[in-house]
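Keep in mind that this is a model prediction, so the values were computed, not measured. Position 1 is the first residue of the sequence, and the numbers go up from there.
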Amino acid sequence: MASDHNPVAVERAEWKKRQMKERMKQLLTVSSPIFMLLLWELLSRTAIIDPRFFPPPTAILETFWNLAASGELLTHIGVSLYRIFGGFLLGVIPGVVIGLLMGLYSPIRHFVQPIVMALMPIPTLALLPIIIILFGIGDLSKVVTIAGSVFFPVVINTAAGVMNIDPIHMDLAKNYGADSKDYFLKIAFPGALPVMLEGIQMGQAIALLTIVAAEMMGSVSGIGFLIWTSYKAFLLQEMYVGLILISFFGYLFSLLLRGLQRKILRWR
């Protein structure tokens, strides 16, 4: 009974409970995809689902290793990652800068906002023919396509983040003689970070969606090219390899950005 009133023992028991809950969450996170793969394997092997269209995961894994061993898969992955990172940076950097300017300065916001609102509903992929005419069918057109898709959620979220900053922070900075650089780097940027990072998180998901579609048209390499050519040749195991790779990179990038978000926004 004495241990029930011992603060150290109570705290230790609470810590153990929290650790147990975290382990259960991690177990559930890992077990759900494993369960889906096992179910898929069983249904395909027993022909409950047509193995021609849904080959078992073990067969897809074998195809993955064969493609990796030949070097073909690594080439497609390298090309796609280069395009994704290039387009992502090309969309995020101007999106953040313009979003901060829109949030800070009303004339810039009123000048830029109609353009953003008019262009945002147009799918970037619908502009792909024009982009190919302007930039050719090489990597640059893919990078520009991804950048256009990433730019809009970043610029809108960044501007919204700045405008949601409590005006008292602006007044304090003004009273202490802050200049434009201080407003930009010490108030607007950190104040908009939480909403801005959500826009960047959304942008990385859009980048992966865009690269697959962009590489299906006018491309001779990349994961999207692998998916499309495998589908046309009815090599569905290779097609699933490409689909699983996109899913994997989407999950990986999301984890990395969430980790970065927790590290930067420690006060939240």
Side-chain angles (χ1 to χ4, degrees), residues 72-103 108-109 111-161 189 192 195-232 242-243 245-254 256-257 260:
E72 178 185 354
L73 189 61
L74 295 179
T75 300
H76 290 309
I77 292 174
V79 169
S80 289
L81 290 181
Y82 165 74
R83 292 166 176 167
I84 290 169
F85 285 125
F88 186 73
L89 291 176
L90 189 62
V92 167
I93 294 174
V96 168
V97 174
I98 295 173
L100 291 174
L101 292 173
M102 287 176 63
I108 294 178
R109 180 167 65 253
F111 179 78
V112 176
Q113 192 170 23
I115 301 173
V116 172
M117 292 297 105
L119 294 178
M120 186 180 65
I122 303 175
T124 310
L125 292 173
L127 301 175
L128 188 56
I130 298 176
I131 294 174
I132 290 176
I133 291 172
L134 294 175
F135 300 102
I137 62 172
D139 289 342
L140 184 56
S141 62
K142 312 299 183 297
V143 170
V144 171
T145 303
I146 295 170
S149 298
V150 171
F151 172 80
F152 291 104
V154 174
V155 71
I156 291 172
N157 279 45
T158 302
F189 185 77
V195 184
M196 181 197 307
L197 288 173
E198 290 298 327
I200 293 174
Q201 178 80 18
M202 189 186 307
Q204 69 86 18
I206 295 174
L208 287 169
L209 294 173
T210 305
I211 189 61
V212 173
E215 288 179 342
M216 286 181 177
M217 295 179 280
S219 182
V220 294
S221 59
I223 298 175
F225 171 79
L226 173 66
I227 293 171
W228 182 243
T229 54
S230 300
Y231 162 74
K232 290 196 296 183
L243 293 173
L245 279 173
I246 288 294
S247 176
F248 167 75
F249 284 122
Y251 185 65
L252 177 62
F253 296 158
S254 180
L256 291 175
L257 284 174
L260 179 64

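- Note: H76 NE2 to L81 CG = 13.0 Å, rounded to the nearest 0.5 Å.
- At distances below 3.5 Å, at least one donor-acceptor pair connects side-chain atoms of S141 with backbone N or O atoms of G136.
- A distance of 10.0 Å separates CG in L125 from CD1 in I146, rounded to the nearest 0.5 Å.
- The nearest pair of heavy atoms linking P153 to I206 is CG-CD1, 3.8 Å.
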Q: Dump the intermediate steps for side-chain contact (heavy atoms from CB on, under 4.5 Å) on V96 and V154, then the final yes or no.
A: CA-CA 6 Å; V96 168; V154 174; 3.8 Å; yes
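- Between T124 and G148, the shortest heavy-atom contact is OG1-C, 3.6 Å.
- With sequence neighbours left out, the ring pair (Phe, Tyr, Trp, His ring centres under 6.0 Å) criterion links F249 to F253.
- When all heavy atoms of M102 and A159 are compared, the closest pair comes out as CB-CB, 4.1 Å.
- E72 contributes atom CD, which lies 6.5 Å from atom CG of L226 (distance to the nearest 0.5 angstrom).
- Residues F135 and V143 form no side-chain contact, since every pair of their non-hydrogen atoms from C-beta on lies 4.5 Å or further apart.
- Across all non-hydrogen atoms, the minimal contact from P94 to L89 is CD-O, 4.0 Å.
- How far CD1 of I122 is from CZ of F152: 8.0 Å, rounded to the nearest 0.5 Å.
- With rounding to the nearest 0.5 Å, the separation of CE in M120 from CD1 in I156 is 4.0 Å.
- Considering all non-hydrogen atoms of both residues, P114 and R109 come closest at CD-O, 4.3 Å.
- T145 places no side-chain N or O within 3.5 Å of a backbone atom of A214 that could act as its donor or acceptor partner.
- In this structure, OG in S221 is found 6.5 Å from CG in D139, a value given to the nearest 0.5 Å.
- Formation of a donor-acceptor pair under 3.5 Å by the K142 side chain with backbone atoms of I137 is found in this model.
- In plain terms, the two heavy atoms of L208 and G250 that are nearest each other are CD1-CA, 3.0 Å.
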Q | side-chain contact (heavy atoms from CB on, under 4.5 Å) between L73 and L245, worked out | A | CA-CA 10 Å; L73 189 61; L245 279 173; 3.5 Å; yes
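- Counting only heavy atoms from C-beta outward, the side chains of I211 and I223 never approach each other to under 4.5 Å.
- A heavy-atom distance below 4.5 Å is found between the side chains of F88 and I200.
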